[in-house]
Amino acid sequence: MAQGVLTGNREAFFSTIRQNIKTPPGGKAPRVENPMNGLFTQRQTNIEERRELRERFIHEWTTLGGKAFSIKNQTELGQVIKQIIQERQLHRAMRWDHPELEKLKLEDIFADTQASLSRWPLEKNYSDWIGKAAAMEAGIVWGDMVMAETGTLVLPAASPGQPASISVLPLTLIAIFTTAQLVDGFAGVVKTFKERYGTDLPTTTTFISGPSRTTDIEMVLTIGVHGSRFVYALILDEGT
Amino acid sequence: MHIEPSFRKRYHKALSDTAMLKAVKNGTGRLRGQRATAIEAVGAERWMEFRNRAEAIRMHVIQHLDQYLEQLIDNVLKKGGHVCLAKTGEEAVQYISELAKKKNAKSILKSKSMVSEEIHLNPALEKQGCKVIESDLGEWIIQLAGETPSHIIAPAMHKNRFQVADLFNAVSDEKIPTEIADLCGFARKYLREKFLGIDIGITGCNFALADSGAITLCTNEGNARIISALSPTLVTIMGMERILPGLEELTVMLSLLARSATGQKLTVYNTLSTGVRKAEELDGPQEFHLVIVDNGRSKQLGTKYEKILNCIRCGSCLNACPVYRNIGGHAYGWVYPGPIGAVLSPLYQGMDKYGELAYATTLCGACTFACPVKIPLHDMLYALRNDKVELEKKGELAEDIAYKGWSATFASMSRYRFSIRMARRFQFPLVKAEKIAFGPPPISDWLKHRDMPALPNKFFHEIWPEMNKDRKE
Ligand code: SF4
């Protein structure tokens, strides 16, 4: 990737800063030590603990206005997805190109109904996919990391097949994941990020905690401005 | 932005706007309640620990700002993003305007950015023929009204749904009902079309991460996320202090920001974006520009006001402030209202224009107590008052005489008793229903909005000997 261009005079920009700053410039100051310590739960979890986290997540997610399902097997997954298709009267949905979603044979489930499921990329060029994506009624993503304490999906766009558009453009968002993806909260996510990416983060990572909301008019809560109005979390059990 | 001649005129105007005052009281009351519930859930002790940690992080960053900015700039450039270092607001506006010209941009969509308000970006872009649309619902409402934000978090807090419906009807072909759900439904439909035709997207920046060059955008509606996904060219404007070392520090700040602002555990959408999309990726910007704005910030470094740069724009000092709650945001005259505005405006825009705002406080300390990053706002307001007096050296004689008279009276028991006896005797033309109802300026102004009880027939020190006698018996 080509290096970007800097506009403006770097020296002039930094001159007042360096004049006024208390610490001598140029030094590498050590960061505040362990800023997260004691504020966030930091632990390794076993299957049983993650099943408990699933309950915590479901509680938080539903409090935020989402719907969540514990799912035992492929048959149940099919039933739940069909239920959502019916509930939301879906005709067109798109999904991430993700190996875990691939395994779940979602196209077959959709084929059993009136609805169609497309896999990203929808087309080769921006001008071609944008209209198609905007017409999609639902987006399906893999919940890569999930924070139980806040009811939050963490979606790093780890490959070109996993764009942010799928999780924010359609009115309905469906996130599928197993209990293995569950962590308590930020500490678990940061640890995984550090291990996986270091400081070379993916182009986009999105933390989603429930449906899009606003209280901009008379402070009354209204769901579904701009982002998703209906959000579903489908949690498969890692032990089965 | 048009500034009325004086703070006095502005707050007089605000005080006569009963619909606005009702809406602001309602809004701030709710936000305060939600924040209190969120803190209760965390526990007071742990909340204090959060605040301590956040303060330490912010102070560390501010004191090493050059180091972190250098790191951020290098990382953004390395990842293919362009960086503009703007010492002044004008430089930032010029850069973005030229970019818009170069891109032949017709449609520009923005998500909330206080810095863009600060530098008057929208009028400049519109002047060169761009259609600029605010995508945050509250921001869009006030844009349609031709107003500026009245609150950092809820910019249209001062409007009721009937006023919003009128504004929407002016841009709609169909009549829109005044139900809030219908109004939001219309906004979604209308703005969705605009999202799909973006030439340039402009966002603010909640936090930039120095070690990865990532920009964090926090919105509850998801508008910033749509903009960053759909804009072929994306511009992010950041105040140069909105920077953090890395992910660990970010998690502390995101947890504090949402709870302080709206009482949520986390904002619905927190997006971390490293700018330019990779070769095979189809969504995300092809071109990314980070505009880092100084505009008076660096002058605060190393001064007694340095900590103001710790602000994370959560708005919770506004909700706590009895003055803000009674006059709303527009009375403050510039972009930032409430206690944070009363400190920032004179510091960034000059004491001559905004020094009066230092008096828009009861010095009760509620703002300092509410601030998640522990900015001593009321101490700063007090210091600003001092600075103003020092700077102007005006009215000293009158003040001197008044305070000397006051101290001479109150230092002597007999003079004190004599003076209040006289006041009791001669107050009668001013009294109505046991309250002081009239008075010369500036007392008359004060009385318009507050009650002052008339002096009683018997003072406590007159009753006390009798009471004490009863007690002894
Ligand atoms: S001064 Fe403190 S309370 Fe006020 S907006 Fe800034 S961070 Fe929030």
Side-chain angles (χ1 to χ4, degrees), chain A residues 1-8 10 12-14 16-18 20-23 25 28-29 31-32 35-36 38-40 121 126 129-130 134 150 152 160 163-165 168-169 186 190 193 199-201 203-210 212-220 222 224-227, chain B residues 27 30 50 53 56-57 60 63-67 77 80-85 87 95 137-138 154 156 160-161 164 180-181 183-184 187-188 196 211-212 214 220-223 225-226 229 245 247-249 251-252 265-266 268-274 277-278 280-284 298 301-302:
Chain A
M1 186 174 289
Q3 166 113 357
V5 176
L6 179 76
T7 306
R10 203 162 173 152
F13 188 83
F14 279 100
T16 328
I17 301 177
R18 291 195 173 120
N20 294 350
I21 222 156
K22 279 182 195 135
T23 47
K28 284 265 170 277
R31 281 155 71 164
V32 171
M36 299 167 74
L39 298 177
F40 301 102
Y126 176 88
W129 70 254
I130 183 84
T150 51
T152 305
S165 309
V168 76
L169 275 184
F186 272 129
V190 170
F193 263 62
T199 53
D200 191 17
L201 300 182
T203 321
T204 319
T205 303
T206 312
F207 294 72
I208 302 181
S209 309
S212 155
R213 54 183 264 159
T214 182
T215 52
D216 267 333
I217 306 176
E218 293 188 359
M219 301 303 291
V220 172
T222 313
V225 180
H226 304 322
Chain B
R30 278 189 196 219
F50 255 113
R53 208 70 63 86
I57 293 168
H60 168 77
Q63 286 169 0
H64 300 90
L65 199 54
D66 58 338
Q67 172 193 324
L77 293 172
H82 306 297
V83 178
C84 165
L85 298 175
K87 197 100 180 107
Y95 181 81
L137 179 61
N160 62 36
R161 62 198 162 105
V164 174
I180 292 172
L183 294 169
C184 291
R188 181 182 173 103
L196 300 178
D211 69 355
S212 57
N220 274 320
E221 294 171 13
N223 52 319
R225 186 156 180 273
I226 299 183
L247 270 180
E248 288 94 335
E249 290 84 356
T251 60
V252 178
K265 284 185 178 153
L266 269 185
V268 177
Y269 297 99
N270 290 303
T271 304
L272 257 81
S273 157
T274 56
R277 69 188 196 212
K278 296 202 178 83
E280 320 79 57
E281 289 172 332
L282 284 177
D283 85 342
S298 60
L301 290 164

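Residue numbers begin at 1 in each chain, while the letters A, B, ... track the order of the sequences. For the numbers below, each heavy atom of this structure counts, side chains included, while hydrogens, waters and symmetry mates do not. Since the model is a prediction, treat every value here as computed from it, not as a measurement.
Atom-to-atom distance recorded for B:L137:CG and A:R213:CZ is 13.5 Å, nearest 0.5 angstrom. Here the straight-line distance linking atom CG of B:L247 with atom CZ of A:F186 works out to 9.5 Å at 0.5 Å rounding. Atom CG of B:L85 is separated from atom CG of A:L6 by 5.0 Å, given to the nearest 0.5 angstrom. One finds the CG atom of B:N220 at 12.0 Å from the OG1 atom of A:T222 (value rounded to the nearest 0.5 Å). Separating the CD atom in B:Q63 from the CD1 atom in A:I21 is a distance of 8.0 Å, to the nearest 0.5 Å. Interatomic distance, B:R30 CZ to A:T215 OG1, rounded to the nearest 0.5 Å: 9.0 Å.
The most heavy-atom pairs under 4.5 Å with chain B, out of A:Q3, A:R31, A:R10, come from A:R31. Each of A:V32, A:D200, A:V5 has some count of heavy-atom pairs under 4.5 Å with chain B, and the biggest count is that of A:V5. When each of B:V252, B:L301, B:T251 is checked for heavy-atom pairs under 4.5 Å with chain A, B:T251 comes out on top. Between chain A and the options B:C84, B:A229, B:G302, heavy-atom pairs under 4.5 Å are most frequent for B:C84. Across B:E280, B:H82, B:R53, the residue that shares the most heavy-atom pairs under 4.5 angstrom with chain A is B:R53. Your options are B:N223, B:L196, B:I180, B:L65, and the one with the most heavy-atom pairs under 4.5 Å with chain A is B:I180. Of all the listed residues (A:V190, A:I130, A:I208, A:T150), the one sharing the greatest number of non-hydrogen pairs under 4.5 Å with chain B is A:I208. Most heavy-atom pairs under 4.5 Å with chain B: of the set A:V225, A:T203, A:T199, this distinction falls to A:T203. In terms of heavy-atom pairs under 4.5 Å with chain B, the best-connected choice from A:G210, A:S209, A:G224, A:A2 is A:S209. The greatest number of non-hydrogen atom pairs below 4.5 Å with chain B, out of A:G8, A:A12, A:P35, is found for A:P35.
The part of B:V164 that comes within reach of chain A is its side chain, from C-beta onward, which places non-hydrogen atoms under 4.5 angstrom from that chain. Residue contact with chain B, scored on non-hydrogen atoms closer than 4.5 Å, involves the backbone and the side chain of A:S165 alike. With a threshold of 4.5 angstrom between heavy atoms, B:A214 approaches chain A through side-chain atoms but not through N, CA, C or O. With a threshold of 4.5 angstrom between heavy atoms, A:F14 approaches chain B through side-chain atoms but not through N, CA, C or O. Using a 4.5 Å cut-off between heavy atoms, A:T152 contacts chain B through its side chain alone, with no backbone atom that close.
For the side chain to side chain contact (heavy atoms under 4.5 Å, CB included) with B:R225, the qualifying choice from A:T206, A:L169, A:T204 is A:T206, the only one to do so.
Here the shortest heavy-atom pairing between B:L183 and A:I217 reads CB-CD1, 3.8 Å. Smallest separation of non-hydrogen atoms from B:G27 and A:M219: CA-CG, 3.4 Å. Here the shortest heavy-atom pairing between A:P163 and B:D283 reads CB-OD1, 3.2 Å. Between A:N20 and B:S298 the shortest heavy-atom distance is ND2-O, 3.1 Å. Between B:L282 and A:P121, the closest heavy-atom pair is CD1-CB, 3.5 Å. A:L201 approaches B:T274 most closely through the heavy-atom pair O-CG2, 3.9 Å.
Residues satisfying the salt bridge (charged side-chain N to carboxylate O under 4.0 Å, His left out) criterion with B:R277, sequence neighbours excluded, are absent altogether.
When atom types are taken as modelled, the side chain of B:E221 and the backbone of A:T214 share no donor-acceptor pair closer than 3.5 angstrom. A:H226 contributes no side-chain N or O that, together with a main-chain N or O of B:G222, makes up a donor-acceptor pair within less than 3.5 Å. Although no hydrogens or angles enter the test, the distance criterion places a donor-acceptor pair under 3.5 Å between the side chain of B:R188 and the main chain of A:G227.
Between the side chains of A:T16 and B:K87, a donor-acceptor pair is found at a separation under 3.5 Å.
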